[in-house]
Amino acid sequence: MGADLRSYLAHVELPNPVLTAAGCGGTGRELAQFFDVARLGAFVTRSITMAPRAGRPTPRMAETPSGLLNAVGLQGPGVEAFLERELPWLAERGARTIVSVGGGTVAEFTALSRRLADAPGITAVEVNLSCPNVEDRGRMFARDGSAAAEVVASVRAAIRYDVPVIAKLSPDVADIVAVARSCVDGGADALAMINTPAGMSIDVDAMRPTLAAGAGGLSGPAVRPLAVRCVWQAHAALPGVPIIGMGGVTTGRDALELILAGACAVAVGTATFHDPYACPRILRELEELLTERGFDRLADAVGLAHRPAGMGPRGRTDLEESSL
Amino acid sequence: MGADLRSYLAHVELPNPVLTAAGCGGTGRELAQFFDVARLGAFVTRSITMAPRAGRPTPRMAETPSGLLNAVGLQGPGVEAFLERELPWLAERGARTIVSVGGGTVAEFTALSRRLADAPGITAVEVNLSCPNVEDRGRMFARDGSAAAEVVASVRAAIRYDVPVIAKLSPDVADIVAVARSCVDGGADALAMINTPAGMSIDVDAMRPTLAAGAGGLSGPAVRPLAVRCVWQAHAALPGVPIIGMGGVTTGRDALELILAGACAVAVGTATFHDPYACPRILRELEELLTERGFDRLADAVGLAHRPAGMGPRGRTDLEESSL
Amino acid sequence: MTGTVLTTRRVDAYHALTVVAPGIADRFRPGHFVTVAAGGRDTSMLTRRALTVHDVKPDYGGTVELVFAVRGAGTAWLAEVKARDTLDLVGPLGRPFPLPRDPCTCVLVGGEYGSASLFALGDALQTRGCRVDFVLGATTAERVFGALRARRMGETTTLTTEDGSLGMRGKVTDVLPGVIADARADVVYACGPMAMLRGVTAVAVEFGIPAQVAVEEHMACGIGVCMTCVVPVIGEDGVTRMLRACVEGPVFRGERVRFDDVGTIPFDALGAPGGRNV
Amino acid sequence: MTGTVLTTRRVDAYHALTVVAPGIADRFRPGHFVTVAAGGRDTSMLTRRALTVHDVKPDYGGTVELVFAVRGAGTAWLAEVKARDTLDLVGPLGRPFPLPRDPCTCVLVGGEYGSASLFALGDALQTRGCRVDFVLGATTAERVFGALRARRMGETTTLTTEDGSLGMRGKVTDVLPGVIADARADVVYACGPMAMLRGVTAVAVEFGIPAQVAVEEHMACGIGVCMTCVVPVIGEDGVTRMLRACVEGPVFRGERVRFDDVGTIPFDALGAPGGRNV
Ligand SMILES: Cc1cc2nc3c(=O)[nH]c(=O)nc-3n(C[C@H](O)[C@H](O)[C@H](O)COP(=O)(O)OP(=O)(O)OC[C@H]3O[C@@H](n4cnc5c(N)ncnc54)[C@H](O)[C@@H]3O)c2cc1C
Ligand SMILES: Cc1cc2nc3c(=O)[nH]c(=O)nc-3n(C[C@H](O)[C@H](O)[C@H](O)COP(=O)(O)OP(=O)(O)OC[C@H]3O[C@@H](n4cnc5c(N)ncnc54)[C@H](O)[C@@H]3O)c2cc1C
Ligand SMILES: Cc1cc2nc3c(=O)[nH]c(=O)nc-3n(C[C@H](O)[C@H](O)[C@H](O)COP(=O)(O)O)c2cc1C
Ligand SMILES: Cc1cc2nc3c(=O)[nH]c(=O)nc-3n(C[C@H](O)[C@H](O)[C@H](O)COP(=O)(O)O)c2cc1C
Ligand code: FES
Ligand code: FES
């Protein structure tokens, strides 16, 4: 008998804690050739925008040591096409769908959330706060606690009360806890971290930036130490808030690292590019690791690495970390 | 005939642009077994503090994918011992010495700088702004532009006018340019970036943080995309300010990447742990790359990747980038 | 999806690997590609490398042959792979070359290692009773791939090199009009660098015949989930969309690819910036 | 500093590699270690692995033998190295075991792979006319390294295993007092896990004889520049300092190492927090 892998985002139960990361699982159809998307804890969509978006010019990717830079620019068909062609397909397949939303103004987030409010088959809404705020010289919402909170509040107000709203944060801020706290105060039911920090690579032969867009977002194992640190800090400061951890998870051990730091669910992005079966494999590996360590419930492992020194390996279980 | 490799930190000329990174070259004596430290553009010391410091408990290091986490905690003998035993030895050897300074309060930075002011053989002073500000609940100076500027101003006031003061910044802020600008306004003659962003690793067997200190600083190739981005942004915003680029430089190509992004000198940290000869090797490789690309002067390559699209590879040379 | 490497060899400027991969060989159709993991365990290289399948054979349940040039760290690693090593492959991927329903005359144009995908295609076309003519080109002789095989298989084979070291001096597009005219070709198939595909398409358009071209864009996943490999392509409805080369291509109708705009977002593309979008 | 691997073999629970490295063999003294680059080109592993030099031989200008247990990714990679591969080594590093000026009786204590460093030491001691007795221990029989060689070389050899599968059931410290007493030992040399070194030191202190112990701390550089490998050691002046195991050790006088405080900064160490420091 394996461990009980159920994970809770506020009151919403997921059968297991392994999700796709936003923008890394296509529409779901592409992955369905490799495994049944209903086996995911949830499928997280790329960030959906109001209107169709063509994204950034190519090259959109550059490989860096243990990392990947991308500048896709939220290419997508817009919310109407998403609701018509993508969401119903996911629902049909029995996938739980977390819809990631992106926008350039608070008004746009509001409009988008209203459009999603009545759509059936949405398990949760994830707010991609790493979008440039066009009303603040393109500064990312995630870089500014109050702007982030305003967006979260606008989404929270528009979305049905029983659909959790998740605030997705970037690590490149001076104080991730402050931003996280603002978002929770703004109504976020859960946090997702980390989105990609801004990075850049220069082609020393062409003597120009490798990406057409110049800068891009860094993902993959290179950023895992940043992700673990952010999850740890947020969990320490806001122990009651569920956290979806992500950033460089490629194995069950990596997933467990984030869980021990305080994540109750884990999303897999770049690893899927290398291994299309990454999500189900990581879930299987995680389950084995939990069983090996004698856990009956995933929830007992969440945040366990925070237990004070000197306490045994399971010292945390009675703290009801699982009440997330 | 190789390219002219001279590099300028304000008015101070260095024979070449390859430096050790603070805290990664010991006292200089350790490296001298492998190569002549006078062949470095400059030797940068670990961050010197007023009093002796024992640093953090062990384990102080953890390997991460293409990265290294460290939590050494500025172990060192204090400024008196430094001036007595370390600086004279470097001067004797003919090394140009950039003294990195660390402190917990503005007053301490001031006192330290005064103590260094009269010492002979100091080529420049680098201010390690990634120190926790004990008067602001341990928040790093580098995370707050005005605190950083205050420290820089206090050091600048104490140090002789002809010794450049370099502000060393961390990437984990929302706006590196804002912090850089504050430091320049506070009197910094040059910038050094990047110090290590905060990261963490958890031992999934012990189910505890791998480092005794919990979190640590992430260095190595994993962070190079962050370093390139920071150097690029700072150079774009402050084109006249010399930048020492660092973060994951392991080869001449990596060094050239930072130079094309806008660094006029490059520091090598973690790479030396893997290859004690890293600095002279990187210098040799850099020289070859510059020659292959037809550069007569290093200065012509500085920031070259910023030239507008459509311009030839050397389109920037007439912009007098070299007047740094 | 790991396969054992059966043989490795050098073919002029290229490396060729034959890998036991029945699952891929079984489903292979000409124009398919695979992605290969480079660097082994603990590598710092995260992304797979896309390589066209050159050939499949029934040996050992099914093998695939890959032909590649060393470009960066990943292909340098692949070049050092030895027989009996295992290789991690995903595939077959992409939309293969569409085959004509009725017998017709086809000119197959290959640039550099791009020719690698043309021989399986030639076989399939000939099986359907098509006439096949080859035009292969490269910068220099040792970078022309498959000249011998083309000569054996093609009704005619024309070679070009930019330095004149093999065949005609010049580019494939210099000789293509003559080959199309002589063969009275009905369709052109091409694989090679973007600039060549653009030229080949222009020639085909001039002759009023379709061109089927296999494009190359930087790919991070090869399975359609990352959106990094997009190319501006005009749809049936006349609207330009940024389509993924890995799943909506790599083979496109040449006339539909906006070659001049590759590496940009054309202002009139669906969702281009400046419209009413975010 | 690359050397060609001459032979690889398994020795019970351990792997042994012999590498041609004249520059290291020449300067070797017992207790020295080397650092090895793991993972090859394009690896994601940045730091070298520290391994004690087990043996040096004059063959091929000079070879070094390393003995190691697989622990994590780096040693797993090393375990797959084959003869004729090249290995990137730096060394010899560290302060070797100090040798007594005059002939005396020495007990050499090794735990797990720690015994590897004791045979070259035993040779050197015997050359100086010393008597050498061995005490080797491990958790279980196959993790006791070098029992045969110890038996050939030592005046006496006592083995211990925690599960009793070889020699006495128990720890080296259970038998050490007897061995010291019987041999009337003048000095103890030890290499092995920290807990064992602490125990050995305690026994030596009880007998009033010096212990020379080779410690193990996590190392990022091995050459004294990174400050990650520190251990609290009491100086001649009575002041505790955090000393680098790689250059100020790995061999320390056991009585000077504050074993109970390893992994902490003792409150009375020079520059400990809470003093008048930053
Ligand atoms: C559909 C398709 C089929 C291909 N078939 C072949 C073939 O049969 N033979 C052959 O030699 N080459 C082929 N290529 C090109 C081949 O994928 C690149 O040469 C290779 O990925 C370069 O990897 P690298 O590690 O040597 O270079 P690096 O520059 O180190 O690669 C860095 C990253 O960029 C990506 N990348 C770099 N150049 C290209 C490129 N041109 N296309 C796609 N991704 C790139 C790599 O996948 C990697 O993720 C094909 C490309 C595509 C898209
Ligand atoms: C002076 C000295 C001599 C040693 N001699 C031997 C020997 O002869 N045989 C042997 O089997 N082992 C020896 N060790 C221990 C050996 O260095 C570690 O087992 C090895 O580094 C683990 O690497 P890994 O990749 O398997 O583990 P990982 O856990 O993947 O290593 C991660 C990082 O931590 C470091 N690290 C982890 N454990 C240790 C450790 N115990 N000591 C130092 N660094 C560590 C590694 O160098 C690496 O940088 C010695 C250690 C020291 C300090
Ligand atoms: C190609 C690519 C596209 C992405 N698109 C989105 C997106 O649309 N919305 C979003 O919130 N995050 C997006 N991300 C960020 C990921 O969801 C994730 O936060 C990040 O990649 C770190 O996880 P990883 O290291 O597992 O990839 C994208 C990442 C990549 C690599
Ligand atoms: C072990 C270690 C110690 C360091 N000590 C200092 C220090 O004392 N002062 C400082 O400003 N930076 C210190 N740094 C940061 C480096 O100077 C450098 O900014 C960083 O490591 C990035 O460069 P790298 O990737 O080449 O190592 C240290 C880094 C490491 C790895
Ligand atoms: S390569 Fe990822 S979508 Fe095409
Ligand atoms: S390992 Fe770097 S100082 Fe000892």
Side-chain angles (χ1 to χ4, degrees), chain A residues 62 64-67 69 139-140 142-144 170-176 179 197-209 214-216 218 220-233 248 250 252-254 256-261 289 293 301 304-305 307 309 313-314, chain B residues 62 64-67 69 139-140 142-144 170-176 179 197-209 214-216 218 220-233 248 250 252-254 256-261 289 293 301 304-305 307 309 313-314:
Chain A
T64 67
S66 299
L69 282 170
R139 178 151 77 138
M140 276 187 198
R143 298 257 161 87
D144 171 3
S170 291
D172 31 10
V173 294
D175 186 350
I176 189 86
V179 182
M200 205 167 165
S201 144
I202 289 172
D203 179 331
V204 295
D205 296 316
M207 300 200 278
R208 295 204 177 274
L218 185 64
V223 306
R224 198 167 65 237
L226 307 184
V228 174
R229 187 260 303 171
C230 288
V231 168
W232 175 283
Q233 289 181 315
T250 67
R253 291 177 78 86
D254 302 341
L256 182 55
E257 197 181 351
L258 286 169
I259 289 166
L260 293 168
L289 291 168
R293 284 161 182 69
L304 191 66
R307 72 192 185 283
R314 305 296 295 286
Chain B
T64 67
S66 299
L69 282 170
R139 179 153 74 139
M140 275 186 199
R143 298 258 161 85
D144 171 2
S170 291
D172 31 10
V173 294
D175 187 349
I176 187 87
V179 182
M200 206 167 165
S201 145
I202 288 172
D203 179 330
V204 296
D205 296 315
M207 300 198 280
R208 296 210 177 270
L218 184 63
V223 305
R224 198 166 66 237
L226 308 183
V228 175
R229 187 259 302 170
C230 289
V231 169
W232 175 282
Q233 289 182 315
T250 66
R253 292 178 76 88
D254 303 341
L256 183 55
E257 197 181 352
L258 286 169
I259 289 167
L260 292 167
L289 291 167
R293 283 161 183 70
L304 191 67
R307 72 193 184 283
R314 305 297 295 284

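Each chain gets a letter, A, B and so on, in the order the sequences are listed, and its residues count up from 1. Note that the structure is a prediction, hence the values are computed from the model and not measured.
Heavy-atom pairs under 4.5 Å with chain B were tallied for A:S170, A:P209, A:A261; the largest tally goes to A:P209. Listed options A:S201, A:G67, A:A215 were ranked by heavy-atom pairs under 4.5 angstrom with chain B; first place goes to A:S201. For the set B:R229, B:Q233, B:R143, the count of heavy-atom pairs under 4.5 angstrom toward chain A peaks at B:R229. Among B:A62, B:A222, B:S66, B:G214, the residue with the largest count of heavy-atom pairs under 4.5 Å with chain A is B:S66. Ranked by heavy-atom pairs under 4.5 Å with chain B, the first of A:L258, A:L256, A:D175 is A:L256.
Residues A:L226 and A:P197 meet the side-chain proximity criterion, which asks for heavy atoms closer than 4.5 Å. Under the 4.5 Å side-chain criterion, counting only non-hydrogen atoms from C-beta, A:R293 is in contact with B:V204.
Put simply, the side chain of B:R224 never gets that close to the backbone of B:T250: no donor and acceptor are under 3.5 Å apart. Put simply, the side chain of A:R139 never gets that close to the backbone of B:A174: no donor and acceptor are under 3.5 Å apart.
Remark: B:D203 engages no residue in a salt bridge (Lys or Arg N to Asp or Glu O under 4.0 Å) (not counting sequence neighbours). With sequence neighbours left out, the salt bridge (Lys or Arg N to Asp or Glu O under 4.0 Å) criterion links B:R253 to A:D205.
Only the side chain of B:T64 has a heavy atom closer than 4.5 Å to any heavy atom of chain A. Only the side chain of B:L218 comes within contact range of chain A, with heavy atoms under 4.5 Å apart. Interface residue B:L69: only side-chain heavy atoms are found under 4.5 Å from chain A.
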